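Note sheet for the following structure.
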Amino acid sequence: MPIKRKKSALLYWPLASASENICAEMRRESAEHKYKIAGQLALLQSLTWPSDLPTIALNSSLFGNFSVNFNDWSGMFLALRAIVIAGASFAAYRIIFVGNS
């Protein structure tokens with residue numbers, strides 16, 4: 001009497017092994033990403049920020065030497081930023097809610 005083999009187990013065995021390999025690879029990559037994220041967070045915690053803003057020197061043959069001290073001009077840059085944000089918000093409102101009329 002011949003031995004009966006399960007066809008389903010033999011047919012799907014390579015697929016099951018491939019899917020197990022894929023799952024194992026995905027678990028390994030997930031663990032690597034966790035370690036990378038932890039390393040990036042540690043790097044962010046070790047960053048130090050300067051207490052003063054920079055001074056940039058601009059040299060031109062037409063206008064001469066000019067330097068911008070961002071500590072002195074920080075209030076003006078803040079106001080300019082607020083005006084740009086307000087203008088962009090108004091333009092977005094017009095585009096979204098009013099349209100072409």
Side-chain angles (χ1 to χ4, degrees):
M1 180 170 203
I3 299 173
K4 292 185 178 180
R5 295 183 183 176
K6 284 187 171 181
K7 286 187 177 182
S8 61
L10 292 175
L11 290 176
Y12 296 115
W13 177 72
L15 294 176
S17 136
S19 67
E20 288 172 2
N21 290 340
I22 291 171
C23 290
E25 181 70 20
M26 289 174 64
R27 283 192 297 272
R28 186 184 61 77
E29 287 178 0
S30 175
E32 287 176 1
H33 287 296
K34 287 178 187 176
Y35 290 124
K36 286 180 184 178
I37 290 172
Q40 295 296 326
L41 288 175
L43 177 66
L44 283 175
Q45 289 175 345
S46 67
L47 286 178
T48 57
W49 300 100
S51 58
D52 290 333
L53 296 173
T55 299
I56 297 177
L58 304 171
N59 301 324
S60 170
S61 60
L62 183 61
F63 298 110
N65 296 333
F66 184 73
S67 64
V68 178
N69 186 349
F70 283 87
N71 291 309
D72 296 340
W73 289 89
S74 63
M76 287 303 205
F77 290 129
L78 185 65
L80 182 63
R81 184 181 73 174
I83 291 170
V84 168
I85 291 172
S89 300
F90 179 73
Y93 170 79
R94 294 279 301 172
I95 290 169
I96 293 169
F97 294 110
V98 177
N100 291 334
S101 59

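Note that the structure is predicted; figures quoted are calculated from it, not measured. Hydrogens, waters and symmetry mates play no part in the numbers below; they use all other heavy atoms, side chains included.
- Tracing side-chain contacts under 4.5 Å through hydrophobic residues (I, L, V, M, F, W, Y), one reaches Leu58 starting from Phe70; they form part of the same cluster.
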Side-chain donor-acceptor pairs of residues 72-82 under 3.5 Å, sequence neighbours excluded:
| residue | atom | partner | partner atom | Å |
| --- | --- | --- | --- | --- |
| Asp72 | OD2 | Asn69 | ND2 | 3.3 |
| Ser74 | OG | Asn71 | O | 3.4 |

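- Hydrophobic clustering keeps Ile83 apart from Ile85 (ILVMFWY residues linked when any side-chain heavy atoms are closer than 4.5 Å, directly or through intermediates).
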